[in-house]
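Notes follow once the structure below has been shown.
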Amino acid sequence: MSRNDNAHAGEKPLTRLVRSGRDHAITGPFVNPPVVHASTVLFETSDDLLSGQQRYTYGRRGTPTIEALEATMSEMEGAEGSVLCPSGLSAVSTALLSVLRSGDHLLMADNVYDPARQVANTVLKRMGIETTFFAPDIGADIAKLFQPNTRAVYLESPGSLTFEVSDIPAIAKVAHARDALVLADNTWATPYFFKPLEHGVDLAIIAGTKYLCGHSDVMIGTIAANARAWPMLIETHGTLGICVGPDDIYLTLRGIRTMGVRLDKQMQSGLEIASWLEARAEVKRVMHPGLASDPSHAIWKRDMTGSSGLFGVIPDGWSLDKVKAFLDGLRLFGLGYSWGGFESLAIIGRPRRTAAPWPAEDHIIRLQIGLEDSADLIADLEASFARVSNLS
Ligand SMILES: *Cc1c(COP(=O)(O)O)cnc(C)c1O
């Protein structure tokens, strides 16, 4: 075994983030893979052109840069294979289109990222695929919702607005007994804190835009498949012509190498700030599965090895105007969508639910905790609480 072999029995997650997918046949002596900008690939002879045996044939069909990230994802996820998509949302839609056919029935968790819900309610609906939404804490009771044509269960755990962790092993057991596939959006935990395929998921989706990239400058998505789902995924992904530019792939790979230290820090600051918020009189509830008070805490603790830096806060009896004033007064928290970068962010979350409607008076302040010093972030939140204290 040489120092460059990718053997990894027993290595810890931080080590694997640094080592995964670094194939010396691709990179040579360099630490990072080449950033290959390519559409056309040349063949030596017309026999080579017709043989289909050449390793690289066309930019969309694979380059050393694409292979480096795909291999990294497959290793981290313990997958048969992985594909890259130009956004997290395109990874969601590609995964769904890979497994569903006209006339199928889909079960989707009520707490998923809203644009995923939109895929079900528009594109899939037009294809004659019907969706039933279920409460994220349904567990094995999901059996009651299965129909003879139920082909897949789609969930997001924890949901990225309301942070319920689903009992994925229980749901997967029911789904597999009925020959259905399980798709899970694992953007929040990433494979650093949770490996969906080891818990019964067939297709694991990540918006790499968030923690994988980690610097708020790339849109990318990944899908990892087990042996059962891989043939469906690779066929659909290739047929639809989905591919990602090399600079975005390179930045994502670069982000993954430091993701462990970023997530460890964001977990620590996130828990500290969530606990501080939980103790405030202005706060009705903090939605963070890493807090002992959270209804999802037991399942989170059983299945996941850590928590990232995104969570929700429900202020106690605040009007929307007061919530807006609180956010507008923050200095270190930017107002903006997305998360997983190095900077702290805040938004007002507005869940759209049908299985269990969200109470209109429960406004959600969603916080993404970045890499700033947590004492400064707490001081910023404290100043904003003081600023709005005389508002109703
Ligand atoms: C952001 C997000 C997506 C979509 O990713 P984009 O790269 O923005 O398309 C999907 N799922 C979750 C949970 C997300 O937070």
Side-chain angles (χ1 to χ4, degrees), residues 69 73 77 82-97 108-123 133 136 154-166 168 183-194 196 201 203-224 237 240 242-245 247-249 251-252 255-256 259 263 266 270 287-289 296 300 304 307-312 334 336-341 343-353 364 366-370:
L69 181 53
M73 294 313 300
E77 301 265 24
S82 299
V83 297
L84 312 180
C85 298
S87 67
L89 183 55
S90 67
V92 170
S93 57
T94 302
L96 286 164
L97 290 171
M108 186 176 260
D110 212 18
N111 63 342
V112 300
Y113 180 64
D114 199 63
R117 195 180 182 100
Q118 195 68 5
V119 174
N121 286 336
T122 58
V123 176
F133 292 91
Y154 179 98
L155 47 83
E156 181 180 316
S157 181
S160 50
L161 264 192
T162 43
F163 303 94
E164 307 90 340
V165 180
S166 292
I168 292 181
L183 289 67
D185 184 327
N186 190 39
T187 301
W188 185 87
T190 84
Y192 185 60
F193 289 142
F194 180 64
V201 169
L203 286 164
I205 298 152
I206 300 181
T209 308
K210 314 289 166 52
Y211 288 117
L212 301 190
C213 159
H215 295 72
S216 308
D217 50 4
V218 167
M219 308 289 310
I220 197 165
T222 67
I223 313 168
H237 179 269
L240 291 177
I242 295 166
C243 57
V244 181
D247 295 317
D248 288 343
I249 296 172
L251 287 170
T252 304
I256 286 169
M259 186 172 76
L263 277 176
Q266 283 166 302
M287 300 177 288
H288 187 316
S296 290
W300 168 80
M304 299 190 176
S307 57
S308 58
L310 187 81
F311 60 90
Y337 289 102
S338 207
W339 42 281
E343 80 289 19
S344 290
L345 296 170
I347 60 163
I348 300 173
R350 327 198 88 183
R352 278 201 288 166
R353 298 203 171 200
I364 297 174
R366 189 186 73 180
L367 298 178
Q368 124 86 7
I369 304 304

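Whatever order the structure lists them in is the order used to number ligands and atoms, beginning at 1. Just so you know, residue 1 is the first one in the sequence shown, and it goes up from there. As the structure is a computational prediction, the values presented were derived from the model and not from experiment.
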#### Entry: A207 N/O to ligand 1 N/O under 3.5 Å
no
### Task
Could you list which atoms of ligand 1 come closer than 4.0 Å to a heavy atom of E156?
13 (C)
### Task
Over all heavy atoms of both residues, which pair between M108 and R117 is shortest? Give the atoms and the distance, please.
SD-CA, 3.8 Å
### Query
Under 4.0 Å from any heavy atom of S87, which atoms of ligand 1 are there?
7 (O), 9 (O)
### Message
For S160, state whether at least one heavy atom is located under 4.0 Å from any atom of ligand 1.
### Response
yes
### Task
Going by heavy-atom distance to atom 10 (C) of ligand 1, choose the closest among Y211, Y337, Y113, W188.
Y113
### Message
List ligand 1 atoms under 4.0 Å from G88, heavy atoms only on the residue side.
### Response
4 (C), 5 (O), 6 (P), 7 (O), 9 (O)
### Query
Is it the case that K210 places NZ or CZ above or below the six-membered ring of Y337, under 6.0 angstrom from the centre and within 45 degrees of the axis?
no
### Task
Take every heavy atom of W339, measure it against each atom of ligand 1, and state whether any distance is under 4.0 Å.
yes
### Task
Indicate yes or no: at least one non-hydrogen side-chain atom of L96 is less than 4.5 angstrom from one of V119.
yes
### Query
Between R366 and S160, does any side-chain donor sit less than 3.5 Å from a side-chain acceptor?
no
#### Entry: Side-chain H-bond candidate by donor/acceptor type, S93 with S90, under 3.5 Å
no
### Protein contact of atom 8 (O) of ligand 1 - nearest heavy atom, named by residue and atom, plus distance
M219 CE, 3.5 Å
### Distance-only donor-acceptor check, side chains S308 and W188, under 3.5 Å
yes
#### Entry: Nearest-contact summary for atom 12 (C) of ligand 1 - protein heavy atom, Å
D185 OD2, 3.4 Å
### Message
Which of the numbered atoms in ligand 1 are under 4.0 angstrom from any heavy atom belonging to T209?
### Response
6 (P), 7 (O)
### ligand 1 contact on L89 by region, counting heavy-atom pairs under 4.0 Å
both
### Message
Among all the protein's non-hydrogen atoms, which is closest to atom 15 (O) of ligand 1, and how far away is it?
### Response
K210 NZ, 2.6 Å
### Task
May I have the step-by-step check of side chain to side chain contact (heavy atoms under 4.5 Å, CB included) for S157 and E164, ending in yes or no?
CA-CA 7 Å; S157 181; E164 307 90 340; over 6 Å; no
### Query
With distance as the sole criterion, is a donor-acceptor pair present between the side chains of S344 and Q368 under 3.5 Å?
no
